[in-house]
**Student:** 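Take this structure first; my questions come after.
All chains are named by letter (A, B, ...) in the order of the sequence lines, taking the proteins before the strands, and each is independently numbered beginning at 1.
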Amino acid sequence: MKFLEFQAEVEEVLADSCRALGHKGVQIDVGSPPSDAYGDLSSAVPIRIAKEQGRVPGDVAVEVASKAMELAKKSKYIGTVSPHRSGYVNFGLKHSRFVSDSIAAICSGDLGAVKEKGEVVAIEHTNVNPNKALHIGHARNLVLGDSLVRVMRYMGHQVQALNYIDDSGAQVADIIVGFRFLGYSDEAPAGTKYDTYCGDSVYTRVTKDYENDPTLREKQSFVLKEIEKGTGEVAEYARGIVRKILAAQLSTCWRLGARYDLLNWESQLVHSGMWEKIFESLKKMGYVKFQTEGENKGTWVIPDPETGEEKVVVRSDGTAVYVAKDIPYAAWKVGLIGDPFGYEAYPLEQPGGVLYSTTLDGKKGKVRFGGAHLAISVIDTRQSYLQRIVSKVLDEFREGSSKRYLHRSYEVVSLSKRTAAQLGYTIEGNFAHMSGRKGLYVNADAMLDRLKAKAKSETRRRNLSEPDSWVDEVAEAVSVAALRYELLKQDPDKMIVFDIDDALQFKGDTGPYLLYTYARARRIIDRAEGKPGVDEASAAKLTKPQELRLAKRMTMLDISAETAEEFLSPKEIARFAHELAVAFNDFYEGVPVNKEEDAALRSARLALVDAASRVLAESMTLMGIPIRDRI
RNA sequence: GGGCCCGUAGCCCAGCACGGAUCAGGGCGUCAGCCUCCGAAGCUGAAGUGCGUGAGCUCAGAGACCGUGGGUUCGAAUCCCACCGGGCCCGCCA
């Protein structure tokens, strides 16, 4: 995008100026000035030089600016260079050319996405145990992961979006115990989603039943063994239930805009033999050791990367512990082990692309997964310790592997006191952690439905003559925008204390604000009589601060996208989109477009609106927010 | 006991990665305005104390101690250390 070109020019001019003035080895940096009255980019380089040489910063700034001004004469976009007495040098854009080039590029479809195909990146997210419906905590994981997938694709990577299905764990066993030993129906009542039924009614009840009758744990243990074995009537039955729940969960995921390339089944990972191979290698390397005495007698252990103490990986009964299942999966992702899987289309139709599933039937199709250059696991912060262990083991396996296996951690979503109270729970502090077992959580579908109900009335109020189906469809988009933005905009390291009433807010820094802003922009285009169009002469007429601010802002998506990529942090896109929307609304209030009488100016403004709305749409797409011309 | 994360206005958040410029930006909530004018899911402005139901009157007058205290620096919300408060993790559970 054009702003990055401008920035590159400024950096080059600065570096050349310093060299010409004999200042060697100065770190060249540029940034945004505190106010655009100073210019469009600024640098503290003279301050650093002054410090080194014991001079007055303002004087050095004058020298540097004067040299830079000379060198900037032949530049494309640098219009002004000015020193400031504080020691900063400020650079201003050559507005007419910058604005006309920017608008032309964007309107021709060049939004700055990286086009050449880069590295293969595997991104794992969602990973919900297939025994319950998604709650908003799972939704945070999905939104973070899916947005990251979108950003990485935008940045040119070949992305594999992975969804790990733990179909052989205790949580699945629990609901099978409920169906097979406690007489709970394995059919959901009419009108209830299957995953919701299993989570709300079966799982929570079985949890209580365990408390009342500890001998039920034997049933759980039996079911777990049957599932692990993988054959037999109970295992087949569990397999059917898991798939039925997964189908219900996936419909929610798709509703939220997420798309996956592959389902990785834990049961297949376990049966693939990968762990045994890795275990043998680690034994040969002497990294895992057999304990012949002490409290871990009879187990195989690895060194704990934090305490230096022992960490059991294989129990004395020969079975592998939880973290040991993650190791082969991680090794498969980054290609440290031969790929045992085949891949086939999963028998569910995913909107927007085929969903594959691993197989172990020995047939190898054309599609390949795993073996990525970079693997990113979106997993909440409570698993950071275990992820560090996995990472460490990969390094033992091959030096430097941990650099290619990244944990994108994030804090959990808890519930506000008010929301907990609405759900019938009285709590002590200001928030409560969600709990699937206790039934204390906000269901993602239910939240979307509440958002949708509100969006429906808001939309209907503004569109009295539209058919219900249209209103319904728009309300659905608004609800997804609201929830995704709410869960994405906050820093991943901060806990979200979710409050239903606050989340129902459509004003201010929200997803609906972005949708509304986009619709406003499109309305101008719809109602225009002439065509949008701009050249350097008409762009020169775009001199109002609102016009310049909007034009500049819309060329800065790439800066946010690069930061989002570097720090695996899609919230950068949210911040950008909000700033762009604010800039647009400021323009909208203060600058007429279709009522402008000067035809050239009108058409230039129209082109500006068109370009800005395209960039806004792109940034929303990167967040998985649906685009609607009218809402 | 060891480790990780958070602490910014009544509330919620941005800024911290790369320390700098005159007001540390938003949002919510509160109050007051703006639709003969491209969609009001928007925009603009206000919010020191005391008294008064209130128009207002009186007095006072600058500034969110960026959790607290140190340190580094010409310069710290940003870097370092300690402490305080909150959350999480450290199992032959998953």
**Student:** Take atom CZ of Arg388(A) and atom P of C90(B), then tell me their distance rounded to the nearest Å.
**Tutor:**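 Whole-Å distance recorded here is 11 Å.
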**Student:** Send over the distance from Ile379(A) CD1 to C88(B) C1', rounded to a whole Å.
**Tutor:** 16 Å
**Student:** Please measure how far the C1' atom in U8(B) lies from the corresponding atom in A76(B), and state the result in whole Å.
**Tutor:** 15 Å
**Student:** Applying the side-chain hydrogen bond (donor to acceptor under 3.5 Å, both in side chains) test to Asn296(A), which of Glu310(A), Lys311(A), Lys289(A) qualifies?
**Tutor:** Glu310(A)
**Student:** Can you check the Leu580(A) CG to G42(B) P distance for me, whole Å?
**Tutor:**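 From Leu580(A) CG to G42(B) P: 16 Å.
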**Student:** For nucleotides C5(B) and C16(B), find the distance between their C1' atoms and express it as a whole number of Å.
**Tutor:**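 Comparing C1' positions in C5(B) and C16(B) gives a spacing of 15 Å.
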**Student:** Which part of the nucleic acid, if any, lies within contact of Arg575(A), taking any heavy atom under 4.0 Å across all strands shown: a base, the sugar-phosphate backbone alone, or nothing?
**Tutor:**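 The answer is sugar-phosphate, as Arg575(A) gets under 4.0 Å only of primed atoms, P, OP1 or OP2.
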**Student:** Measure across Val89(A) and Ala65(A) and return the closest heavy-atom pair with its distance rounded to 0.1 Å.
**Tutor:**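 Closest approach of Val89(A) to Ala65(A): CG1-CB, 3.6 Å.
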**Student:** I need the CG-P distance between Leu504(A) and C12(B), as an integer number of Å.
**Tutor:**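 Roughly 19 Å, once rounded to whole Å.
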**Student:** Taking any heavy-atom pair under 4.0 Å as a contact, classify Asn296(A): base, sugar-phosphate, or nothing.
**Tutor:** base
**Student:** For Asp586(A) and Gln546(A), which heavy atoms make the closest approach, and how far apart are they?
**Tutor:** OD2-CG, 3.5 Å
**Student:** With sugar-phosphate meaning primed atoms plus P, OP1 and OP2, does Pro33(A) contact a base, only sugar-phosphate, or nothing at under 4.0 Å between heavy atoms?
**Tutor:** base
**Student:** Does Asp493(A) reach a base, just sugar-phosphate, or nothing at all? Heavy atoms under 4.0 Å.
**Tutor:**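 Sugar-phosphate, no base atom in range.
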**Student:** Answer yes or no: side-chain N or O of Thr459(A) and base N or O of A41(B) forming a donor-acceptor pair under 3.5 Å.
**Tutor:**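 For Thr459(A), whose side chain was compared with the base of A41(B), there is a donor-acceptor pair (under 3.5 Å).
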**Student:** Would you kindly compare Val30(A) and Val582(A) by the position of their nearest RNA chain B nucleotide and give the one closer to the 5′ end?
**Tutor:** Val30(A)
**Student:** State yes or no: are the ring centers of Tyr513(A) and His578(A) separated by less than 6.0 Å?
**Tutor:** yes
**Student:** For a quick check of understanding: with a heavy-atom distance under 4.0 Å over all strands, which category does Leu386(A) fall into, base, sugar-phosphate or nothing?
**Tutor:**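 Base contact.
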**Student:** Check if the side chain of Ser384(A) and the base of C4(B) share a donor-acceptor pair of N or O atoms closer than 3.5 Å.
**Tutor:**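 Answer is no: no donor-acceptor pair is held.
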**Student:** Can you find a side chain N or O atom of Arg523(A) that sits less than 4.0 Å from OP1 or OP2 on G39(B)?
**Tutor:** yes
**Student:** How close or far is atom P of C13(B) from atom NZ of Lys494(A), stated in whole angstroms?
**Tutor:** 6 Å
**Student:** Look at all strands and tell whether Arg527(A) reaches a base, only sugar-phosphate, or nothing, counting heavy atoms closer than 4.0 Å.
**Tutor:**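 Counting heavy atoms under 4.0 Å across all strands, the contact made by Arg527(A) is with sugar-phosphate only.
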**Student:** Checking all strands, does Glu295(A) fall into the base, sugar-phosphate, or nothing category for heavy-atom contacts under 4.0 angstrom?
**Tutor:** base
**Student:** Take Tyr164(A) and Asp326(A) through the test side chain to side chain donor-acceptor pair (under 3.5 Å) and record every step on the way to the result.
**Tutor:** CA-CA 11 Å; Tyr164(A) 183 82; Asp326(A) 259 12; 5.0 Å; no
